[in-house]
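What follows is one structure encoded as structure tokens, with my remarks underneath.
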Amino acid sequence: QVQLVESGGGLVQSGGSLRLSCAASGGAFSVFAMGWFRQAPGKEREFVAAIDWSGVGTYDASSVKGRFTISRDNAKATAYLLMNDLRPEDTAVYYCAANRRGIVDIGPLGYDYWGQGTQVTVSS
């Protein structure tokens, strides 16, 4: 059973930075593509960033392009989301997800496994 555990969320001031981690266990992490999504209260879950199995192919949502960076360390079975220049509108629960196909997907239905989420709150 694949398990994903996010960490690194918290409260930060506008303009600050956070790095989220997603530790995977119970599966072949190195073949998974990894994605980050977020969901704010009263809104649908939205795509943030994704990275393919190799770490070479990445894709970012336009709302975070240039501010957020997704990466992975297959040796540690961990994916990361470095978030710089945070804004109040980035406030949400952030979820990591994995898909067995190994390729980037921007839709939540394209993912097989999900973490429990970590709260990110950006104060103005």
How are the rings of Y95 and W114 set relative to one another: parallel (under 30°), tilted (30 to 60°) or perpendicular (over 60°)?
-> perpendicular
Closest heavy-atom pair and its distance - [X], [Y]:
X   : Y    : answer
L86 : R67  : CA-NH1, 4.0 Å
P88 : S14  : CD-OG, 3.8 Å
S63 : R87  : O-NH1, 4.4 Å
A50 : V104 : CB-CG1, 3.8 Å
W53 : N74  : O-ND2, 3.4 Å
V64 : V48  : CG2-O, 3.6 Å

Tell me, with the steps shown, if V120 and L20 meet side chain to side chain contact (heavy atoms under 4.5 Å, CB included).
-> CA-CA 9 Å; V120 171; L20 305 184; 4.1 Å; yes
Flag yes if [X] and [Y] sit in one hydrophobic cluster, no otherwise; membership is Ile, Leu, Val, Met, Phe, Trp, Tyr, and two members link when side-chain heavy atoms are under 4.5 Å apart.
X   : Y   : result
Y80 : I51 : no
V31 : L4  : yes
F47 : M34 : no

Quick one: pull up [atom1] in [X] and [atom2] in [Y] and give me the separation to the nearest 0.5 Å.
X    : Y    : atom1 : atom2 : answer
R100 : F32  : CZ    : CZ    : 7.5 Å
Y94  : Q119 : OH    : CD    : 9.5 Å
L82  : S21  : CG    : OG    : 10.0 Å
S71  : L81  : OG    : CG    : 8.5 Å
L18  : T118 : CG    : OG1   : 9.0 Å
Q116 : E6   : CD    : CD    : 4.5 Å

Any salt bridge between R38 and D90, counting N to O under 4.0 Å?
->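 A salt bridge links R38 with D90.
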Mark yes or no: R72 above the aromatic ring of F29, with NZ or CZ under 6.0 Å from the six-membered ring centre and no more than 45 degrees from the axis.
->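 Yes - R72 lies over the ring of F29, closer than 6.0 Å to its centre and within 45° of its axis.
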Might you confirm whether atom [atom1] of [X] has over 12 heavy atoms from other residues, nucleotides or ligands at distances under 6.0 Å?
X    : atom1 : value
E89  : CD    : yes
K65  : NZ    : yes
Y113 : OH    : yes

Are Y111 and F37 close enough that some pair of their side-chain heavy atoms sits under 4.5 Å apart?
->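 SC-SC contact between Y111 and F37 confirmed.
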